Amino acid sequence: MAKPLVPATPTGAVAAFLDRARAVPALRTAATRARLLFAVDATASRQPAWDRACAVQGEMFLAVRDLGGLAVSLSYYRGFGEFTATPFLEDGAELARRMSGVSCLGGRTQIGRVLDHALREAARARLGAVVFVGDAVEEAPDALCHAAGQLGARGVPVFVFQDGADRLATEVLRQIARLSGGAWAPFDSRSPRALAELLRAAAVFAAGGGAALARLPGPAASAIAGQLAAPRGG
């Protein structure tokens, strides 16, 4: 069951995004919006990256306005075994508001819970993609890879965007992406635009598939599209 978000004071960057998001016209109503699970590591060292992710997550909604829109569920883990998932939200301002109420807490990674949650959501209704943003892996790789393969069998790719260059984490995170039929990409959390471009590409794929992604300009879209074209498997 989802736990209540912990109130926190928005950073300047987050507050500025909220002001901009309120000025964006509401997305047109669609009979069925594509669903995307947006999972973020919220352990202690992640607060600066969390704030940057909050400031750019609206790119996902803006990128798919002409593709029927997007419904995004935020999930995160932090602290001692805490895992939270929101309902599927249909505008960036509301998602930013919820993200701005979260403060990161020390704890171990819970990527397995993210993948298991994604499998349950995929069993309920079509899930276009999972986006995971994190920098570390502290779990048994085999279990994570098995869950990723199950998502791949359901047609749910995992887009893994890695903050930093931890070698051991890279090996596992790349396998998660590949076994699910998704894509992996590193980014520098000090460059918000890099993450924004990656989120835009993942959202476009979730809403419009490979054909829509192929029409999206930019190196991030090209890098992701190239991985999706590669054969799946171990």
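Every value quoted in this text rests on a predicted model; they were computed, and no experiment measured them.
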Distance in Å, Q57 CD paired with F38 CZ, rounded so as to fall on 0.5 Å steps: 6.5 Å
Please check: side-chain N/O of E121 versus main-chain N/O of L37, any donor-acceptor pairing under 3.5 Å? no
Going by the ring pair (Phe, Tyr, Trp, His ring centres under 6.0 Å) test, which pairs reach into residues 115-160, not counting sequence neighbours? F83-H117, F159-F205
Taking S75 for its side chain and T84 for its backbone only, find out whether a donor-acceptor pair lies under 3.5 Å. no
From the options L144, D41, T170, select the one residue that forms a side-chain contact (heavy atoms from CB on, under 4.5 Å) with V137. L144
Minimum heavy-atom separation for R97 to S100, with atom names? O-OG, 2.8 Å
Side chains of W184 and Q227: donor-acceptor distance under 3.5 Å anywhere? no
Restricting to non-hydrogen atoms, name the atom on R33 and the atom on G69 that form the minimum distance, rounded to 0.1 Å. NH1-CA, 3.2 Å
Just by distance, do the side chain of T86 and the backbone of L74 share a donor-acceptor pair under 3.5 Å? yes
Please identify each residue that fulfils side-chain contact (heavy atoms from CB on, under 4.5 Å) with A201, with sequence neighbours left out. L213, L216, A221, I224
With the threshold set at 4.0 Å, does a side-chain nitrogen-carboxylate oxygen contact exist between E59 and R193? yes
So, taking the atom named CG in L36 and the one named CG in L89, what distance separates them when rounded to the nearest 0.5 Å? 11.5 Å
